[in-house]
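Take a look at the structure set out below.
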Amino acid sequence: GGSTNFEIMRALLICYSNLNEIQNEISLSKSMMDIYPEENLGFESHALSLLGNDQISDAISTLLLAKEKFPENFSILFYLGSSYEQIAQHDDALIEFELALKLQPESTIIWHSMALIYENLNQYDTSDSLFVMILASDLHNAMDMNDYAFIISERESSTPKDLQFALSLAEKAIGLDPTNYMIMDTLGWIYFQMGESSLALKHLQSSIENGGDNSVILEHLGDVYLKMGNIKKAQDIFNKSVILNPGNEKLKAKLEQLND
């Protein structure tokens with residue numbers, strides 16, 4: 001009975017997850033933790049469903065409990081690090097990621113998470129060396145190239161030479177994945193930072209035509225129109241972007257300046 005009961009609960013959890021029934025998922029996974037404390041699945045599922053419900057501190061408590069019980073479990077350390085990072089506890093996140101790396105020293109997902117933290121802390125040398133390791137581990141991963149290229153384009157300290165390097169990464173990425181709207185956005189944004197507004201416009205329009213109709217890409221397009229002096233067009237596009245992401249206070253402030 002015990003093992004079949006566990007399998008039934010596991011199957012139900014998958015159903016709830018697929019149906020997005022988060023409250024059911026939270027309570028069932030909690031029961032699973034209590035009934036099968038020797039199985040890590042209940043703890044992981046409980047933490048992930050709490051994270052899905054924006055209950056980050058509850059998720060962290062669950063993961064800390066799980067870490068005590070299953071200290072050699074890579075996923076638990078990864079989720080714990082990611083949860084700390086969500087609430088900007090960078091140092092705590094790095095501790096968990098370092099522990100995860102001891103278990104899987106070549107984990108690119110951990111390198112990537114750590115690189116983003118060092119980037120947030122403006123420790124560019126460290127994030128650069130992590131990205132170099134990530135790119136070296138898989139020479140055909142277009143999304144890793146794209147992420148790194150975009151990150152370089154966002155740095156205030158990037159020189160024309162840095163932007164040229166970012167451009168070469170993004171061009172290599174689009175060569176591997178020619179219809180990817182995220183890479184088109186990155187190309188557009190790099191050209192914008194280089195002062196090449198018409199090239200920026202071309203790539204950003206392609207990005208939106210290929211499915212990149214999200215608030216970030218629309219804001220990039222609006223910035224390009226603004227730079228080109230087309231205020232009306234910029235306002236229209238910024239308004240669209242705000243509708244898709246009403247929490248973007250910086251963009252709202254930008255719009256208010258234009259409306260004055």
Side-chain angles (χ1 to χ4, degrees), residues 1-117 130 133-134 137-138 140-144 146-147 176-177 179-182 211 214 244-245 247:
S3 68
T4 44
N5 193 11
F6 179 78
E7 289 306 326
I8 290 166
M9 288 177 100
R10 197 215 313 253
L12 257 177
L13 268 180
I14 293 168
C15 291
Y16 288 146
S17 176
N18 290 340
L19 294 167
N20 221 357
E21 292 190 13
I22 211 146
Q23 292 306 332
N24 284 333
E25 208 182 330
I26 289 171
S27 54
L28 180 65
S29 53
K30 179 74 178 80
S31 308
M32 210 172 197
M33 281 167 61
D34 298 339
I35 303 167
Y36 301 104
E38 72 290 347
E39 296 280 356
N40 61 330
L41 181 68
F43 293 85
E44 280 186 40
S45 302
H46 193 57
L48 286 175
S49 53
L50 289 168
L51 285 172
N53 206 37
D54 285 333
Q55 293 172 251
I56 298 175
S57 58
D58 293 337
I60 288 172
S61 307
T62 303
L63 288 164
L64 286 169
L65 194 64
K67 183 185 163 186
E68 268 176 47
K69 296 178 79 74
F70 315 102
E72 299 286 290
N73 185 298
F74 176 85
S75 302
I76 287 165
L77 296 169
F78 171 64
Y79 296 140
L80 187 52
S82 304
S83 303
Y84 279 133
E85 185 49 26
Q86 277 194 20
I87 52 172
Q89 284 179 227
H90 305 304
D91 295 342
D92 291 318
L94 287 170
I95 289 166
E96 303 306 332
F97 288 146
E98 291 285 1
L99 288 170
L101 269 188
K102 286 200 173 77
L103 298 173
Q104 291 187 25
E106 301 286 300
S107 168
T108 52
I109 193 167
I110 298 289
W111 290 346
H112 199 280
S113 301
M114 291 174 75
L116 296 180
I117 293 177
L130 284 161
M133 282 158 62
I134 291 166
S137 74
D138 180 356
H140 300 287
N141 190 320
M143 286 322 290
D144 287 339
N146 177 65
D147 288 351
L176 291 165
D177 192 354
T179 59
N180 188 309
Y181 71 80
M182 289 183 270
N214 68 38
L244 292 174
N245 180 12

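All residue numbers refer to positions in the sequence shown, counting from 1.
Counting only heavy atoms from C-beta outward, the side chains of S137 and E106 never approach each other to under 4.5 Å. At a threshold of 4.5 Å between non-hydrogen side-chain atoms, the residues L101 and W111 count as touching. Considering only heavy atoms from C-beta on, Q23 comes within 4.5 Å of N53 through its side chain. When side chains are defined from C-beta on, I110 does not count as touching Q104, because their heavy atoms never get closer than 4.5 Å. Under the 4.5 Å side-chain criterion, counting only non-hydrogen atoms from C-beta, E96 is not in contact with L63. In this structure, L41 and Y36 have side chains that are not in contact, with every pair of non-hydrogen atoms separated by 4.5 Å or more. For the pair L28/L12, a side-chain contact is recorded, criterion being any heavy-atom separation below 4.5 Å from C-beta on. Considering only heavy atoms from C-beta on, S113 stays 4.5 Å or farther from E85 through its side chain.
Rounding to the nearest 0.5 Å places CE of M33 at 11.5 Å from CD of E44. Here the CG-OG distance, from L80 to S75, works out to 12.0 Å after rounding to the nearest 0.5 Å. Separating the CD1 atom in I14 from the CD atom in E25 is a distance of 10.0 Å, to the nearest 0.5 Å. For the atom pair CD1 (I35) and CZ (F6), the distance works out to 10.5 Å, reported to the nearest 0.5 Å. Rounding to the nearest 0.5 Å places NZ of K30 at 11.0 Å from CG of D58. Of the inter-residue distances, the one linking N73 atom CG with N40 atom CG reads 5.0 Å to the nearest 0.5 angstrom.
In terms of modelled atom types and a separation under 3.5 Å, the side chain of S17 and the main chain of L13 share no donor-acceptor contact. Without hydrogens or angle criteria, N180 side chain to M182 main chain gives a donor-acceptor distance under 3.5 Å. A donor-acceptor contact shorter than 3.5 Å links the side chain of H46 to the backbone of I26. A donor-acceptor pair under 3.5 Å is formed between the side chain of S27 and the backbone N or O of N24.
Nearest heavy atoms, F78 versus F97: O-CE2, 3.6 Å. Nearest heavy-atom pair, E38 versus F70, reported as atom, atom and distance to 0.1 Å: O-CE2, 3.5 Å. Nearest heavy-atom pair across S83 and I60 is CB-CG1, 3.6 Å. For the pair D177 and A142, the tightest heavy-atom approach, listed with the atom from each and the gap, is CB-CB, 4.1 Å. The minimum heavy-atom distance between I117 and A93, with the atom names listed, is CD1-CB, 3.7 Å. Minimum interatomic distance between P37 and K69 (heavy atoms only, all atoms of both residues): O-CE, 2.9 Å.
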Discussion item. Before you tell me yes or no, could you show the steps for S29 and Y16 under side-chain contact (heavy atoms from CB on, under 4.5 Å), namely the whole-Å CA-CA distance, both residues' side-chain angles and the distance that decides it to 0.1 Å?
Written reply: CA-CA 10 Å; S29 53; Y16 288 146; over 6 Å; no
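Counting heavy-atom neighbours within 6.0 Å of I109 CD1, excluding the residue itself, gives a total of 12 or less.
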